[in-house]
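First comes the structure, then the notes that go with it.
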Amino acid sequence: MKNEIRGDSYRAVLRLPSFVVLLVGRLVSGAGQILFSMATMWYILQLTESALAAALIPMLPYLIYAFLGIPWLRSVIACPKSNF
């Protein structure tokens, strides 16, 4: 098989070309996300001159998940199970 891993080393997975492409893609994507977040904070700081707003706006998606996730989970648990 083409994508077989031989050996028990963690470095053996780096011999798989598809994994290396995935790893590089994730690194580039993560770096882009960090740069976008920094640019967003800088732009909001320029517009509002408020450090609090510059800090809270990039955190807004995480705050939404945190505050809406718990009620959503409770509603899922409370619903009767159906056959999927």
Side-chain angles (χ1 to χ4, degrees):
M1 216 176 189
K2 183 179 178 183
N3 285 334
E4 272 186 30
I5 298 175
R6 292 188 180 100
D8 293 333
S9 173
Y10 287 114
R11 288 180 280 164
V13 77
L14 292 176
R15 293 186 196 127
L16 296 173
S18 56
F19 180 77
V20 172
V21 169
L22 174 70
L23 183 63
V24 170
R26 292 289 304 246
L27 290 173
V28 170
S29 176
Q33 184 66 33
I34 291 169
L35 290 174
F36 178 76
S37 180
M38 288 174 57
T40 304
M41 288 189 297
W42 187 265
Y43 182 68
I44 291 171
L45 184 61
Q46 280 183 332
L47 288 179
T48 63
E49 296 181 3
S50 169
L52 182 63
L56 288 180
I57 295 298
M59 289 180 53
L60 194 60
Y62 305 110
L63 295 174
I64 290 172
Y65 286 128
F67 289 119
L68 294 182
I70 294 172
W72 178 80
L73 182 62
R74 286 188 180 183
S75 66
V76 167
I77 291 172
C79 289
K81 294 183 179 181
S82 61
N83 295 331
F84 289 105

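Taking Ile, Leu, Val, Met, Phe, Trp and Tyr as members and joining any whose side-chain heavy atoms lie under 4.5 Å apart, directly or through other members, the hydrophobic cluster of L60 also contains I64, L68. With a 4.5 Å cut-off between side-chain heavy atoms of Ile, Leu, Val, Met, Phe, Trp and Tyr, the cluster of I44 takes in I57.
Of all heavy-atom pairs spanning A54 and P58, the tightest one is O-CD, 3.1 Å. Annotation for A53 and T48: closest pair CB-OG1, 3.9 Å, computed over non-hydrogen atoms.
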Throw together a table of side-chain donor-acceptor distances under 3.5 angstrom for residues 19-43, partners on residues two or more places apart or in other chains.
from	atom 1	to	atom 2	distance (Å)
T40	OG1	F36	O	2.8

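Within a 6.0 Å radius of CD in Q46, more than 12 heavy atoms belonging to other residues, nucleotides or ligands are found.
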